[in-house]
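This report refers to the structure that appears directly beneath it.
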Amino acid sequence: MSTFYIHRYPYIRLIIPWITGVFCGDHFFDRSWEPFGSVLALGLCIALLFVLYFLKRHSLRWCFGLAVSILCFIGGWLGITWQLQHAVYSFPEEETVYRVLITDAPQVKEHTYLCQTLLKGRRDTAGTYPIERAAILYLQQDSAVTRLKSGDELLVSARISPPLNNRNFDEFDYARFLMRKGISGTGYVASGKWAKLDGMNNLDLKGIAGSCRRKMISLYRELGFSGDELAVLSALTIGDKTELSDSVRESYSVAGASHILALSGLHIGLLYTLLFFILKPVARRGNIGRAIRSVLLLILLWAFAFFTGLSPSVVRSVSMCSILAMADMVGRQPLSLNTLAAAAWLMLFCNPAWLFDVGFQLSFLAVASILLIQKPVYHLITVKGRIGKYIWGLMSVSIAAQVGTAPLVMFYFSRFSVHFLLTNLVVIPFITIILYAAVIMLLLIPLSWLQTVVAEGVKKLLEGLNFFVRWVEQLPYASIDGIWLYQSEILGIYIVGSLLTYYFMNRRYRNLLICLFSILLLGTYHATIYWLDRPRTSLVFYNVRGCPAVHCIESDGRSWINYVDTIPHEKHLKRMAANYWKHHHLLPPQKITADCRYMELNRQQQIISYHGCHICVINDNHWRNKTTVSPLYIQYLYLCKGYDGHMEELTRIFSFSYVILDASLSEYRKHLLESECKQSGLRFISLSDEGSVRFLL
């Protein structure tokens with residue numbers, strides 16, 4: 001792009017260094033903060049002085065731009081650092097009494113209720129100390145927990161600790177995810193360890209919004225919505241996805257329609273368009289009318305955000321539409337790259353951690369891609385006829401959005417939906433009609449008989465939508481799964497995409513050579529890391545509590561997971577290790593729960609033999625009080641929950657190189673076995689401390 005072209009979009013020049021600063025601040029947060037803090041504070045002062053100095057010297061305007069960029073970079077760094085620092089808190093190691101406020105409706109889990117809370121203070125023998133930190137508490141299920149709601153205050157006795165990862169290979173960084181959301185700790189509260197404070201119900205703005213959302217769901221139930229139709233309608237209109245089943249989520253994901261289940265840019269955009277059209281007569285009165293329309297749009301959009309529970313995705317989308325409304329009020333182009341960059345910069349200024357939110361990234365990339373390449377794609381084919389132009393216009397928008405978001409979708413979800421064009425061609429008109437019909441249905445509350453008629457129509461539309469999505473899911477090659485991309489590859493793909501876009505805008509031979517060279521470089525890099533990460537014959541032990549397993553991997557991608565328990569928590573293990581399997585291009589592992597004999601693998605009597613390596617799994621007292629003439633040599637002794645003996649008993653039977661302590665062991669047993677290994681001079685690895693380990697064979 002030429003310099004003149006860049007100067008047309010000043011907010012792009014602000015957002016790029018700001019994003020870079022936020023990313024660097026997040027990356028280096030775990031390092032020593034003191035030197036970074038002093039250097040950044042000094043740099044901030046110097047950059048500010050440079051801005052004030054060069055502001056008056058037109059001949060040095062490039063210095064002014066450089067100083068502003070440095071200022072934005074430091075601002076982004078300091079912003080995310082302050083936000084993460086605020087989430088850090090040193091909790092007592094022992095069980096402590098806390099006074100907590102439930103800030104959101106409790107969510108039902110498998111054995112617990114998840115409660116997002118605000119820790120008001122903690123009590124001990126020395127007194128009461130204020131905390132004012134957010135935490136997630138898991139309350140054991142009982143009849144009393146079901147009556148809890150947002151705004152209730154409790155006294156709980158629990159051991160709360162900062163969020164930690166299991167340190168498995170390629171594991172999702174759940175601890176940093178919670179920190180970015182301002183969550184300082186997590187804890188488990190057993191039945192009888194909490195009590196509700198009488199008369200306490202401190203509903204804040206978010207709590208009131210959540211109450212309104214629950215009333216909306218009750219209204220839908222009264223109108224006859226249930227099952228998948230209720231789940232999809234709740235997700236579309238008020239952003240509540242608690243009713244969505246796993247099968248519905250999977251169907252929409254495979255069909256390439258997951259974005260419609262997240263109340264965000266598409267839905268707010270449709271609402272904005274509807275309100276803009278309804279208020280069009282108001283804007284005909286000149287500048288005053290346009291200002292009144294913008295103010296009404298802001299009020300109505302934020303009222304909608306309030307009634308949908310003020311979820312982050314809705315707040316982001318409404319913020320973007322608010323900037324568009326204000327741009328229209330002052331007579332500027334409603335939607336351009338500049339207003340999009342301005343919206344992103346203002347939102348990251350208020351909350352830098354939004355940069356790492358998947359919805360934020362996908363929303364802005366989709367809109368940016370539509371603004372950049374939708375028109376060129378549309379003009380590739382000349383279509384005649386009103387209906388043909390509408391269909392091709394919708395398809396060109398879908399193609400542009402897919403091009404912009406496909407690399408990120410493949411990176412985060414390891415999936416590419418092949419039939420996305422067909423899906424969006426039908427789903428988007430469906431969604432438009434359903435949302436507008438739902439608005440009419442809600443406005444007809446005074447006319448109950450007519451509201452019931454409209455509700456029946458909405459129900460039929462939802463049934464048709466779900467039927468179509470499931471039909472697309474069943475089509476051949478509906479999705480490509482198991483894709484693995486690196487962060488560096490994602491950056492390279494977007495750089496290549498930007499260079500290609502720039503080439504098609506200028507059509508210069510030099511730009512074409514740069515594009516071809518960048519594609520060659522990216523392909524070479526991908527081939528190199530693909531070869532480095534090829535499957536290798538190895539043994540892997542995972543840090544997954546409640547699911548001890550030995551993973552035997554072949555160099556051709558085949559593998560066998562030897563589960564220790566006859567009824568293993570297989571789903572939990574897959575969730576933890578799926579990224580590692582994709583990273584190393586493994587085929588779906590074969591499940592082993594009993595004795596077996598293969599060419600490469602032999603499992604007999606708790607002893608696994610694989611390529612000459614022997615692993616003895618100890619998960620009961622089978623080997624206690626046994627004797628042998630000479631110790632049986634094995635490489636790895638895998639101790640799991642169920643063994644109540646001591647290391648001395650096992651050393652009389654086995655001669656081994658390593659002791660592997662599984663995460664299923666209690667803290668007491670783990671520390672006892674660790675101390676016995678140290679006293680005997682045995683080498684050991686504790687999975688709960690070290691994370692997953694791999695041994696190459």
Side-chain angles (χ1 to χ4, degrees), residues 19 23 169-173 177 249-262 264-266 313 355-370 372-374 377 395 397-424 427 469 472-473 475-501 518-535 557 574-588:
I19 288 176
F23 182 81
F169 297 129
D170 299 306
E171 181 186 12
F172 173 67
D173 194 349
F177 171 78
R249 293 174 186 267
E250 181 68 11
S251 297
Y252 277 77
S253 175
V254 172
S258 290
H259 58 284
I260 73 166
L261 296 178
S264 55
L266 173 64
S313 61
L355 175 65
F356 304 99
D357 187 274
V358 179
F360 178 89
Q361 297 172 12
L362 293 176
S363 297
F364 279 94
L365 278 174
V367 177
S369 183
I370 290 171
L372 282 172
I373 67 175
Q374 187 271 332
V377 171
M395 293 177 66
V397 170
S398 180
I399 292 172
Q402 194 73 15
V403 168
T405 59
L408 271 187
V409 170
M410 290 187 290
F411 174 72
Y412 285 119
F413 306 109
S414 302
R415 169 175 286 167
F416 179 77
S417 300
V418 177
H419 306 309
F420 70 91
L421 272 179
L422 173 63
T423 301
N424 288 322
V427 164
V469 169
V472 174
E473 180 191 15
L475 291 177
Y477 308 106
S479 67
I480 302 173
D481 297 322
I483 301 172
W484 178 264
L485 293 176
Y486 294 88
Q487 286 186 353
S488 52
E489 281 189 292
I490 297 298
L491 179 61
I493 290 171
Y494 280 112
I495 290 175
V496 169
S498 301
L499 292 174
L500 286 172
T501 303
S518 62
I519 293 173
L520 178 62
L521 192 64
L522 181 63
T524 304
Y525 174 75
H526 177 78
T528 302
I529 60 175
Y530 188 92
W531 183 83
L532 292 174
D533 290 333
R534 68 194 185 279
K574 286 183 177 180
R575 185 168 62 249
M576 288 288 186
N579 283 340
Y580 177 70
W581 301 344
K582 295 170 187 172
H583 183 177
H584 292 280
H585 323 295
L586 300 182
L587 298 172

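Please read these numbers as outputs of a predicted model, since none were measured by experiment.
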Heavy-atom pair with the smallest gap, counting every atom of [X] and [Y]:
| X | Y | result |
| --- | --- | --- |
| Ile490 | Pro407 | CD1-O, 3.2 Å |
| Thr405 | Leu362 | CG2-O, 3.6 Å |
| Ile370 | Ala400 | CA-CB, 3.9 Å |
| Thr528 | Thr524 | OG1-O, 2.8 Å |
| Ser369 | Gly404 | OG-N, 3.4 Å |
| Val254 | Ser479 | CG1-OG, 3.8 Å |

Met395 vs Val377, test: side-chain contact (heavy atoms from CB on, under 4.5 Å). Steps then yes/no.
CA-CA 9 Å; Met395 293 177 66; Val377 171; over 6 Å; no
Backbone N or O of Arg249 within a donor-acceptor pair of the Ser253 side chain at under 3.5 Å?
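Flag not set: sc Ser253 to bb Arg249 has no pair under 3.5 Å.
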Can you check whether Gly256's main-chain N or O pairs, donor with acceptor, with Thr423's side chain at less than 3.5 Å?
no
Inter-residue atom distance Ile493.CD1 - Ser518.OG, 0.5 Å rounding:
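Between Ile493 CD1 and Ser518 OG, I get 11.5 Å after rounding to 0.5 Å.
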Taking ring-ring contact (aromatic ring centres under 6.0 Å, His included) as the definition, give me every residue that meets it alongside His583, ordered by chain and number, with sequence neighbours left out.
Trp484, Tyr486
Could you check if a side-chain atom of [X] sits within less than 4.5 angstrom of a side-chain atom of [Y], using non-hydrogen atoms only?
| X | Y | result |
| --- | --- | --- |
| Phe416 | Ile483 | yes |
| Gln361 | Tyr412 | yes |
| Met410 | Ile480 | no |
| Leu475 | Leu422 | yes |
| Arg534 | His585 | no |
| Phe356 | Phe177 | no |
| Phe413 | Val358 | yes |

Dump the intermediate steps for side-chain contact (heavy atoms from CB on, under 4.5 Å) on Trp581 and Lys574, then the final yes or no.
CA-CA 9 Å; Trp581 301 344; Lys574 286 183 177 180; 3.9 Å; yes
Could you tell me if Glu473 and Tyr252 have a donor-acceptor pair between their side chains, going purely by distance under 3.5 Å?
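Tyr252 vs Glu473: no donor-acceptor pair found between side chains.
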Between Phe169 and His584, does the ring centroid distance fall short of 6.0 Å?
no
Does a side-chain N-to-carboxylate-O contact under 4.0 Å join Glu250 and Arg415?
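So Glu250 pairs with Arg415 through a salt bridge.
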Test side-chain contact (heavy atoms from CB on, under 4.5 Å) on Leu408 and Tyr494 and set out the steps.
CA-CA 10 Å; Leu408 271 187; Tyr494 280 112; 3.8 Å; yes
Classify the ring geometry of Phe360 against Phe364: parallel below 30°, tilted from 30° to 60°, perpendicular beyond 60°.
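Rings of Phe360 and Phe364: tilted, as their planes differ by 30° to 60°.
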